[in-house]
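Ligands are counted one by one from 1 in listed order, and the atoms in each one are counted from 1 as well. Scope of the values below: all heavy atoms of this structure, side chains included, with no hydrogens, waters or symmetry mates. Every value quoted in this text rests on a predicted model; they were computed, and no experiment measured them.
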Amino acid sequence: MSRFFSEKYSSLTPYTPGEQPQDMKYVKLNTNESPFPTSQKAVDAAAEAAKRLQLYSDPEARALTAKFCEVFGFERDEVIFTNGSDEVLNFAFMAFCDETHGAVFPNISYGFYPVFAELNRVPYTELPLRHDFTIDVDAYCGVGKTIFIANPNAPTGIALKRAEIEKILRSNPNNVVVIDEAYVDFGAESCLPLVRTYDNLLVAQTFSKSRSMAGARLGFGVGNPALIRDLNTIKYSTNPYNVNAMTMAAGIGVLSDEAYTQRNCQAIQENRAFTVDALRSMGFAVTDSVANFIFIRHIMVDGETIYRKLKERGVLVRHFTKPAICDYNRVTIGTREQMQILLDTLRDILKEGV
Ligand code: PMP
């Protein structure tokens with residue numbers, strides 16, 4: 001820390017992104033990226049946009065918004081595009097929380113929530129998951145704070161039903177409920193159909209996972225126009241050009257290729273079912289994930305050992321050191337070939353005896 005660093009950030013512990021190692025070629029199952037290439041339509045559109053980078057990107061994202069509204073059936077004042085969904089989540093912390101209006105989220109969830117809270121000096125409460133890692137819906141009812149829930153949750157992959165989220169929305173009419181649907185396209189129920197019923201609902205989604213665009217950084221929020229106006233106030237007070245021109249073009253391209261996205265999501269779900277069955281037969285406890293990752297623990301071997309031995313053999317998964325989940329590893333669902341390598345490698349590790 002330099003002697004110039006603002007005291008208000010001096011105790012901040014930043015988010016630790018998953019490893020992006022350069023030392024060797026891994027079967028990379030640690031950051032929940034898509035194993036499938038970006039849609040060719042997105043790549044071509046981005047290349048075309050790259051010819052005009054002398055111009056600023058459109059701060060209103062009009063072309064992308066129009067395409068989005070056509071595909072998703074919303075009006076333009078119901079959506080905001082951001083630099084990844086991380087940005088819309090941060091905007092929500094800035095817009096709907098402050099020193100006197102705190103946030104709540106599960107104690108085991110996306111690691112960025114407490115960081116955004118601390119960055120914005122928002123007091124927060126982490127509500128414990130049940131022993132089976134499910135969210136205790138009643139604990140959120142009438143809680144009187146801004147609520148952040150990842151659905152499906154990360155790193156467990158377990159989802160709430162839309163009706164359960166409605167219960168939370170109805171019991172917190174004076175608080176914003178942010179539903180982070182980064183992984184919703186792999187089998188969970190989206191809350192987008194509730195946006196017009198509940199003026200306190202903000203749904204955050206991303207193009208990073210189901211649309212194979214993690215490197216382009218494109219996310220969005222959908223909600224009541226008044227909520228979106230608030231988020232735009234934050235956006236125009238920080239970075240009006242938050243989404244670059246190539247990414248916007250790529251976003252339009254991928255939204256013109258929904259069949260490709262659907263096929264990829266289908267493949268991930270099939271590969272997940274195949275992997276979960278095989279892992280259970282090998283003595284792994286696996287949560288009921290509806291995301292593009294699974295959360296696994298072996299009955300005999302500790303999580304850190306599995307993580308390390310996999311890494312030595314060129315397979316990278318995500319291990320968390322938090323005591324409640326340190327026995328587990330989060331494994332991204334990749335192609336069938338990648339899953340086969342994971343399973344073969346795990347069999348070798350278990351056979352070797354640890
Ligand atoms: N929410 C959750 C639960 C996530 O796991 C991630 C990915 N790290 C994000 C949001 C943010 O993704 P992105 O910024 O790439 O849209």
Side-chain angles (χ1 to χ4, degrees), residues 14-20 28-34 38 42 61 64 68 79-94 103 105-117 119 126 129 133 135 147-160 165 177-188 190-191 202-222 231 235 238-239 242-244 247-248 250-251 254-255 261 268 287 289-295 316-320 322 325 328-333:
Y15 177 71
T16 316
E19 297 168 84
Q20 301 286 3
K28 200 170 168 303
L29 306 174
N30 68 327
T31 45
N32 299 341
E33 289 141 330
S34 171
T38 312
L64 174 58
F68 174 84
V79 60
I80 179 171
F81 284 95
T82 52
N83 193 309
S85 58
D86 280 337
E87 190 177 48
V88 73
L89 294 169
N90 186 36
F91 285 177
F93 272 92
M94 292 172 80
F105 38 83
N107 64 336
I108 297 168
S109 192
Y110 185 30
F112 228 136
Y113 301 153
V115 178
F116 285 141
L119 176 72
E126 295 179 292
L129 294 184
F133 290 139
I135 287 178
I147 296 169
F148 291 82
I149 293 178
N151 196 49
N153 196 13
T156 64
I158 300 170
L160 290 175
I165 292 173
V177 179
V178 180
I179 303 298
D180 174 355
E181 296 189 346
Y183 302 104
V184 78
D185 295 329
F186 305 102
S190 174
C191 283
L202 179 73
V203 176
Q205 286 197 17
T206 179
F207 283 52
S208 294
K209 317 292 178 181
S210 58
R211 295 189 166 78
S212 302
M213 278 179 44
R217 314 303 302 125
L218 185 61
F220 60 92
V222 180
L231 295 171
K235 164 180 145 162
T238 50
N239 183 8
N242 61 337
V243 181
N244 74 72
T247 292
M248 279 193 213
V254 78
L255 288 176
T261 297
I268 294 294
T287 58
S289 170
V290 288
N292 69 337
F293 55 84
I294 50 178
F295 199 47
L316 206 54
V317 300
R318 183 91 192 244
H319 182 252
F320 300 89
K322 214 173 178 170
I325 52 172
Y328 283 79
N329 282 293
R330 189 195 67 191
V331 182
T332 303
I333 301 296

note = re atom 14 (O) of ligand 1, the protein heavy-atom contact at minimum distance is Arg217 NH2, 2.7 Å

ask   = How many angstroms lie between CG in Asn153 and CG in Leu160, if you round to the nearest 0.5 Å?
value = 8.0 Å

Interfacing atoms of ligand 1 (cut-off 4.0 Å, heavy-atom, Gly84) = 14 (O), 16 (O)

query = Looking at atom 11 (C) of ligand 1, what's its closest protein heavy atom, distance included?
reply = Asp86 OD1, 3.1 Å

request  = Among all protein heavy atoms, pick the one closest to atom 15 (O) of ligand 1 and tell me residue, atom and distance.
outcome  = Ser208 OG, 2.6 Å

inquiry  = Could you identify the single nearest non-hydrogen protein atom to atom 3 (C) of ligand 1 and state the distance to 0.1 Å?
reply    = Asp180 OD2, 3.4 Å

request  = Could you tell me if the ring centre of Tyr110 sits under 6.0 Å from that of Phe105?
outcome  = no

task = Considering only non-hydrogen protein atoms, determine which one is nearest to atom 7 (C) of ligand 1 and report residue, atom name and distance to 0.1 Å.
result = Lys209 NZ, 3.4 Å

task = Please could you name the atoms of ligand 1 that Ala182 approaches to less than 4.0 Å, counting only its heavy atoms?
result = 1 (N), 2 (C), 10 (C)

inquiry  = For atom 5 (O) of ligand 1, what's the nearest protein heavy-atom neighbour? Residue, atom name and distance, please.
reply    = Tyr183 OH, 2.6 Å

key: Full working for salt bridge (Lys or Arg N to Asp or Glu O under 4.0 Å) between Lys209 and Glu33   = CA-CA 6 Å; Lys209 317 292 178 181; Glu33 289 141 330; over 6 Å; no

message = Test your reading of the structure: does Asn83 have an N or O sitting under 3.5 Å from an N or O of ligand 1?
response = no

request  = Tell me whether the guanidinium CZ or amine NZ of Arg330 lies under 6.0 angstrom from the six-membered ring centre of Phe293 and within 45° of its axis.
outcome  = yes

message = For the 3.5 Å polar cut-off, considering only N or O atoms, please tell me whether Thr206 and ligand 1 meet it.
response = yes

remark   = min-distance protein heavy atom vs atom 8 (N) of ligand 1 -> Tyr110 OH, 3.2 Å

key: Nearest-contact summary for atom 12 (O) of ligand 1 - protein heavy atom, Å   = Ser85 OG, 3.4 Å

query = Would Phe93 and Phe148 count as a close aromatic pair, with their ring centres under 6.0 Å?
reply = yes

remark   = In this structure, OG1 of Thr247 is separated from CZ of Phe81 (nearest 0.5 Å) by 12.0 Å

query = Would a line drawn from the ring center of Phe220 to the ring center of Phe68 be shorter than 6.0 Å?
reply = yes

Interatomic spacing from CD1 in Ile135 to CG in Asn151 - rounded to 0.5 Å = 6.5 Å

